[in-house]
Amino acid sequence: MIPITKPFLPPISEFEEYLSGIWTRGWLTNIGPLASKLEMDLKNYLGVKHLLYVTNGTVALQMAIKALDLSGEIITTPFSFVATTSSIVWEGCKPVFVDIDKETLNIDPTKIECAITPQTSAILATHVYGNPCNIEAIEVIAKKHNLKVIYDGAHAFGVSLNGKSIFEYGDITTCSLHATKLYHTVEGGLIITQNQDLYNKMASIRNFGISGFDSFQELGINGKNSEFHAAMGLANLKWINRIIDKRKTIIELYEKNLVGLDAKSQLWMEGVISNGAYFPIILDSENQLLKIKKALEDREIFTRRYFYPSLAKSLPYLDSVKMPVTEDIAQRILCLPIFFELTEEDIDMVCRIILQT
Ligand SMILES: *Cc1c(COP(=O)(O)O)cnc(C)c1O
């Protein structure tokens with residue numbers, strides 16, 4: 001059996017080293033020494049100024065929307081994981097979908113301005129599969145219309161653009177550290193901003209909006225994460241370069257083996273150092289996709305249709321909107337297995353089955 005992904009686990013002894021410290025201190029959560037160390041180490045590794053370690057990537061998005069005081073409409077992409085849209089609705093705002101670019105698979109900046117109304121307060125875009133959005137174009141539009149920008153960087157851990165972390169763009173960027181992501185802390189999320197005031201505000205929101213022993217300064221939530229999760233994060237961080245290198249090797253092997261396949265790949269932004277988070281292929285038709293998916297499943301090899309169907313027409317709490325490019329891509333895109341333990345023989349087999357179908 002080959003799953004689509006398999007969470008990375010460090011040697012158990014490396015995790016246990018952190019556990020004994022937790023037992024000694026008896027400090028289990030509330031941003032203890034391990035969570036604080038993880039924040040420091042991640043800031044260094046990613047090269048970002050301010051970073052908060054939070055419960056998960058969804059709460060990170062909700063906290064970002066809350067901290068920016070957004071209301072009314074938020075322009076977003078229909079080609080993402082459901083949490084990108086649901087967090088907008090959860091925060092009492094209205095998602096307004098803008099179709100994606102068919103090459104980059106990210107929100108199409110040339111279509112953003114037509115979607116702006118007097119109610120628009122922000123743009124929330126996803127760096128799909130870790131490929132940076134058209135940051136420059138989005139920034140120009142946001143400045144011109146006085147909009148805030150949030151990037152859902154759930155796939156973009158470790159990605160950099162022109163030598164700078166992709167997390168350092170926009171007003172706020174969030175990341176997910178869920179077990180299915182390339183770098184994980186079992187459950188977990190990150191919030192990154194370059195703005196000191198926003199950072200302070202989100203640190204307070206993360207802790208119920210408490211400002212002192214007997215006082216509250218604002219509406220908050222429990223967005224903290226535990227020492228146990230931070231321990232997994234610290235143990236995994238020692239492996240991160242090997243994890244990313246391995247994934248890039250896997251992608252090279254897939255690309256080499258699949259040259260003969262009539263499929264396209266996502267167009268990546270220039271000047272990017274990628275992270276090997278996903279390996280999607282864009283097939284000719286849904287029919288071809290279903291045949292390949294079935295042929296692989298018959299051999300117990302599992303793929304995923306990230307992201308199918310379009311969020312603009314599948315959520316029971318929203319009116320359905322037609323997004324032609326998203327619908328077309330969503331029907332034809334398939335993510336192949338990619339994880340640390342995947343072997344060259346596995347990849348050869350997956351590719352052989354695909355090519356024979
Ligand atoms: C995984 C993911 C999320 C949600 O993160 P969680 O940590 O699972 O809450 C949000 N957006 C995107 C694009 C994701 O892939």
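Counting convention: from 1, in listed order, for ligands and their atoms alike. Heavy atoms only: backbone and side chains are in, while hydrogens, waters and symmetry mates are out. Owing to the predicted nature of the structure, the values given are computational and were not obtained by experimental measurement.
- Counting heavy atoms closer than 4.0 Å to ligand 1, residue Glu187 contributes nothing at all.
- The two residues Thr5 and Phe339 make their nearest non-hydrogen contact at CA-CD2, 3.7 Å.
- The protein non-hydrogen atom at the shortest distance from atom 14 (C) of ligand 1 is Ala154 CB, 3.4 Å.
- Using a 3.5 Å distance cut-off with no hydrogens or angles, the side chains of Thr55 and Asn225 do not pair a donor with an acceptor.
- Of all the listed residues (His178, His127, Gln62), His178 holds the heavy atom that lies closest to atom 8 (O) of ligand 1.
- Remark: ligand 1 and Ala83 share no N or O pair separated by less than 3.5 Å (distance only, no angle test).
- Residue Gly188 has at least one heavy-atom neighbour below 4.0 Å for each of these atoms of ligand 1: 7 (O).
- Defined by atom type and a distance below 3.5 Å, a donor-acceptor pair is missing between the side-chain atoms of Ser121 and Glu73.
- The environment of Trp239 atom CH2 is dense: over 12 non-hydrogen atoms of other residues, nucleotides or ligands sit within 6.0 angstrom.
- Any N or O atom pair closer than 3.5 Å counts here, and Tyr278 shares no such pair with ligand 1.
- Ring to ring, Tyr278 and His155 are close: their centroids are under 6.0 angstrom apart.
- Each of the atoms 1 (C), 2 (C), 14 (C), 15 (O) of ligand 1 lies under 4.0 Å from some heavy atom of Lys181.
- Residue Asp152 touches ligand 1 through its side chain alone, judged by heavy-atom distances below 4.0 Å.
- Here Thr84 has side-chain heavy atoms under 4.0 Å from ligand 1, and that is the only part of it that gets that close.
- Taking every non-hydrogen atom of Gly57 and a distance limit under 4.0 Å, the qualifying atoms of ligand 1 come out as 5 (O), 6 (P), 7 (O), 9 (O).
- For Lys181 and Phe157, the positive end is not near the middle of the six-membered ring at less than 6.0 Å and at most 45° from its axis.
- The side-chain hydrogen bond (donor to acceptor under 3.5 Å, both in side chains) with Ser80 is formed by just one residue from the set Thr126, Asn106, Thr85; it is Thr126.
- Between Thr126 and ligand 1, no N or O atom pair is found at a separation short of 3.5 Å.
- For atom 4 (C) of ligand 1, the closest non-hydrogen atom of the protein is Thr58 OG1, 3.5 Å.
- Residue Ser80 has no nitrogen or oxygen atom sitting less than 3.5 Å from a nitrogen or oxygen atom of ligand 1, judged on distance alone.
- Checking Phe79, Tyr129, Phe81 against atom 3 (C) of ligand 1, the nearest heavy atom belongs to Phe81.
- Considering every non-hydrogen atom in both Ser87 and Thr58, the closest pair reads CB-O, 4.3 Å.
- Cation-pi check for Arg25 over Trp27 is not met; the charged atom does not lie both under 6.0 angstrom from the ring centroid and within 45 degrees of its normal.
- Remark: ligand 1 and His155 share an N or O pair separated by less than 3.5 Å (distance only, no angle test).
- With no hydrogens or angles considered, a side-chain donor-acceptor pair links Asp348 and Asn257 at under 3.5 Å.
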